[in-house]
Participant: 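Dropping the structure in here first, questions after.
FYI, side chains are in, hydrogens and waters are out, and symmetry mates aren't considered; it's all heavy atoms of this structure. So you know, we letter chains A, B, ... as the sequences are listed, proteins then strands, and number each from 1.
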2 protein chains.
Amino acid sequence: MTRKEQILNKALELINEKGFVHVGVREIARELKISPGNLSYHFGKKEDVLMALLERYREANTSLYETYLATPPSLKGFLHLMKSIFESQYLYRGVFIGNQYVQAQLESGDHFNYQEIYERRLAGFARIFKELHTAGHLKLSEEDVRFLVFHMTLAGRFWIYEATLFDKSPDRDSTVKHYLWMLSKQLSLFATETGRQSIGAFTAELE
Amino acid sequence: MTRKEQILNKALELINEKGFVHVGVREIARELKISPGNLSYHFGKKEDVLMALLERYREANTSLYETYLATPPSLKGFLHLMKSIFESQYLYRGVFIGNQYVQAQLESGDHFNYQEIYERRLAGFARIFKELHTAGHLKLSEEDVRFLVFHMTLAGRFWIYEATLFDKSPDRDSTVKHYLWMLSKQLSLFATETGRQSIGAFTAELE
DNA sequence: GTCTATACAAGGATAGAC
DNA sequence: GTCTATCCTTGTATAGAC
C-alpha cells in the first residue's frame with residue numbers, strides 16, 4: 001500500500017468517525033507515524049484529501065452503473081444496483097457530509113462541477129426509468145419520469161445524511177435495508193404486475 | 001434591535017452566503033464594527049451562535065405546526081403548512097448545512113438531542129397523515145403511513161441540502177415551488193378524489 | 001451589564017533542509 | 001521523496017475600561 005493510499009484510508013476512517021472539520025492533519029499524521037508536512041507533500045491541502053476520496057468513490061460507482069446498463073433492464077436489477085451504491089455511500093458517509101466544506105470551491109470552478117454532475121445524474125436516471133417503462137416493469141407518464149428522477153437524486157443522495165445525523169448507532173446492513181425498503185415501496189407505486197414481481201424477487205433475496 | 005439579535009442576523013447572512021466553517025468570528029465582529037471578544041461575551045462559542053439560530057428556527061416552526069393542527073385536516077392546509085416551513089428552511093439554509101459541525105456534540109449529549117427531535121418528527125407526521133386519512137383526503141394502509149412519514153422526514157429536511165449544494169443561483173420562490181410540486185405529486189399517489197381536489201386548490205392558489 | 005484589547009492554543013499551509 | 005521548522009489564521013478566554 002502506497003503512502004497516498006495509507007493516508008486516504010486513515011483519513012476516511014477518522015472522517016467517518018468524527019466528521020471532516022474535526023479531523024486535523026496533525027492527527028492523521030500522528031496515527032500513521034509520519035510528519036504533518038508529509039501530508040502536504042502528498043496532498044496539497046486538507047480539502048484535496050476529501051476530493052481524492054470523492055474521486056475514489058465516483059470511480060467505484062461508475063463501474064456499478066456500467067454493469068447494470070449492460071444487462072436487460074429490470075426492477076430487481078435496478079434495486080441490486082442501488083443496494084451496491086447505498087453500501088458504497090455508507091462507506092464514504094463522512095465524505096459526503098463533509099462536502100459542505102468545499103462549497104466555496106463551487107464558485108471558483110476549478111474543482112468538480114457539482115451542477116454538471118447533478119445534471120448527469122438526472123439524465124442517467126431518466127434513461128434508466130424510461131428503459132424500465134419500455135421493458136414493462138414501470139408504467140410512467142412523462143411527468144412520472146420527471147418525478148421519479150427528482151426523487152432519486154434527492155433520496156438517493158441524502159438518505160445517508162439522515163442516517164448519519166439522526167441515528168446514534170448506525171449499523172450498515174439494517175440502515176441500508178431500511179432505505180431499500182423505502183425505494184422499493186416508491187417504485188412499486190408505479191410498477192406493473194411484472195414490475196411488482198421483480199421487486200418481490202429482490203426483496204426475497206434480501207432476507 | 002439588541003446586540004444579540006444583530007449578531008444572529010449578521011451571522012445568518014454570512015453563513016448562508018459562505019457556509020458555517022468559512023465564516024470567522026472576527027469577520028462577523030468586523031462587519032458589525034464590534035470587537036471579536038464581544039461575541040464571546042454574548043455567545044460563548046461560535047457553535048452557540050449556530051445553536052441559537054437553530055433554536056430561533058424551531059420556535060418559528062412550532063407555531064406553524066400549531067396553527068395547522070388547530071384547523072380541520074386537509075391536504076390543502078397541509079401543503080400550505082409545508083410551504084411556510086420550506087420558506088423558513090430556505091431562510092436558515094446555511095444553518096442546516098452547517099449542523100454537521102455540531103455532530104460531535106451529539107455524543108456529549110448536553111445540547112439538542114437529535115435522536116429525540118427526529119422521533120418527535122416521526123410522531124408528528126404520523127398523526128397528521130392519520131388525520132388526513134380519517135378526513136377522507138388520503139387512503140392509507142398502516143404501511144403507507146410509515147412510508148409517507150419516513151418520506152417526509154427525509155425529503156422535508158434534505159431538499160434544502162440539495163437545493164443549496166447543487167443549484168448555483170438559487171431563487172427562493174422557484175426552488176420552493178419545485179419541491180412543493182414534488183410533495184404534491186407524492187401525496188396525490190395516495191389521495192382520494194377529495195384529496196386530489198384539495199391538492200388542486202392549493203396548486204391553483206400557488207400560481 | 002457591555003465592551004475592548006490582548007494573550008494564547010491549535011490548526012493549516014509552506015519554504016527549505018536532508 | 002520525506003520531513004522539520006516556522007508562519008499565519010482562527011477560535012477562545014479573560015483582564016480590565018466604561
Participant: Taking only Lys NZ, Arg NE, NH1 and NH2, and the carboxylate oxygens of Asp or Glu, determine whether A:Lys10 and A:Glu13 approach each other closer than 4.0 Å.
Facilitator: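 Here A:Lys10 pairs with A:Glu13 in a salt bridge, since their nearest N and O are under 4.0 Å apart.
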Participant: Round to a whole Å and report the spacing from CD1 of A:Ile28 to C1' of C:dG11.
Facilitator: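 Taking CD1 of A:Ile28 and C1' of C:dG11, I get 12 Å after rounding.
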Participant: Taking only the side-chain nitrogens and oxygens of A:Arg26, find out if one of them lies under 4.0 Å from OP1 or OP2 of C:dA10.
Facilitator: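 No, no such contact exists.
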Participant: Over how many whole Å does the gap from B:Ile7 atom CD1 to C:dT4 atom P extend?
Facilitator: 10 Å
Participant: Using a cut-off of strictly less than 4.0 Å, decide whether B:Tyr41 has a side-chain nitrogen or oxygen near OP1 or OP2 of C:dC3.
Facilitator: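 So the side-chain polar atoms of B:Tyr41 never come under 4.0 Å of the phosphate oxygens OP1 or OP2 of C:dC3.
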Participant: May I have the distance from B:Leu39 (atom CG) to C:dT2 (atom C1'), rounded to whole angstrom?
Facilitator: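 Taking atom C1' of C:dT2 as the reference, CG of B:Leu39 is at 13 Å.
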Participant: Check the distance between C:dT2's C1' and B:Arg3's CZ and give it to me in whole angstrom.
Facilitator: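 The distance from CZ of B:Arg3 to C1' of C:dT2 comes to 9 Å, rounded to the nearest Å.
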Participant: Within 45 degrees of the ring normal and closer than 6.0 Å to the centroid, is that where the cationic atom of A:Lys185 sits relative to B:Phe150?
Facilitator: no
Participant: Strictly below 4.0 Å: does A:His42 bring a side-chain N or O up to OP1 or OP2 of D:dT2?
Facilitator: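 Affirmative; the distance criterion is met.
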Participant: Please list all pairs passing the salt bridge (Lys or Arg N to Asp or Glu O under 4.0 Å) test where one or both residues lie in residues 80-94 of chain B, with sequence neighbours left out.
Facilitator: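 Every salt bridge (Lys or Arg N to Asp or Glu O under 4.0 Å) pair that includes a residue of residues 80-94 of chain B, provided the two are not neighbours, is B:Lys83-B:Glu87, B:Glu87-B:Arg172.
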Participant: D:dT12 phosphate, OP1 or OP2: any side-chain N/O from B:Ser40 under 4.0 angstrom?
Facilitator: no
Participant: Just how far, in rounded Å, is C1' of C:dT4 from CG of B:Leu32?
Facilitator: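 Distance check: B:Leu32 CG to C:dT4 C1' gives 15 Å.
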Participant: Should A:Lys45 be listed as having a side-chain N or O under 4.0 Å from OP1 or OP2 of C:dA13?
Facilitator: no
Participant: Just the rounded figure in Å: distance from P of D:dT10 to CD of B:Glu27.
Facilitator: 9 Å
Participant: Are the ring centres of A:Tyr161 and A:Phe158 closer than 6.0 Å?
Facilitator: yes
Participant: Rounded to whole angstrom units, what separation is found between the CG atom of B:Leu50 and the P atom of D:dG11?
Facilitator: 13 Å
Participant: Can you tell me how far P of C:dA10 sits from NZ of A:Lys18, to the nearest Å?
Facilitator: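 That distance rounds to 14 Å.
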Participant: Answer with base, sugar-phosphate or nothing: what part of the nucleic acid does B:Val49 contact at a heavy-atom distance below 4.0 Å?
Facilitator: nothing
Participant: Looking at D:dC3, I'd like to know if its phosphate oxygens (OP1 or OP2) sit under 4.0 Å from a side-chain N or O belonging to A:Ser35.
Facilitator: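 So the side-chain polar atoms of A:Ser35 never come under 4.0 Å of the phosphate oxygens OP1 or OP2 of D:dC3.
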Participant: Can a cation-pi geometry be assigned to A:Lys46 and A:Phe20, taking NZ or CZ under 6.0 Å from the six-membered ring centre and within 45° of the ring axis?
Facilitator: yes
Participant: Does the side chain of B:Asn38 get closer than 4.0 angstrom to OP1 or OP2 of C:dT4 through an N or O atom?
Facilitator: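 B:Asn38 to C:dT4 OP1/OP2: side-chain N or O found under 4.0 Å.
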Participant: Need one value for B:Gly24: base, sugar-phosphate or nothing, where a base atom within 4.0 Å counts as base even if backbone is also close, heavy atoms only.
Facilitator: sugar-phosphate
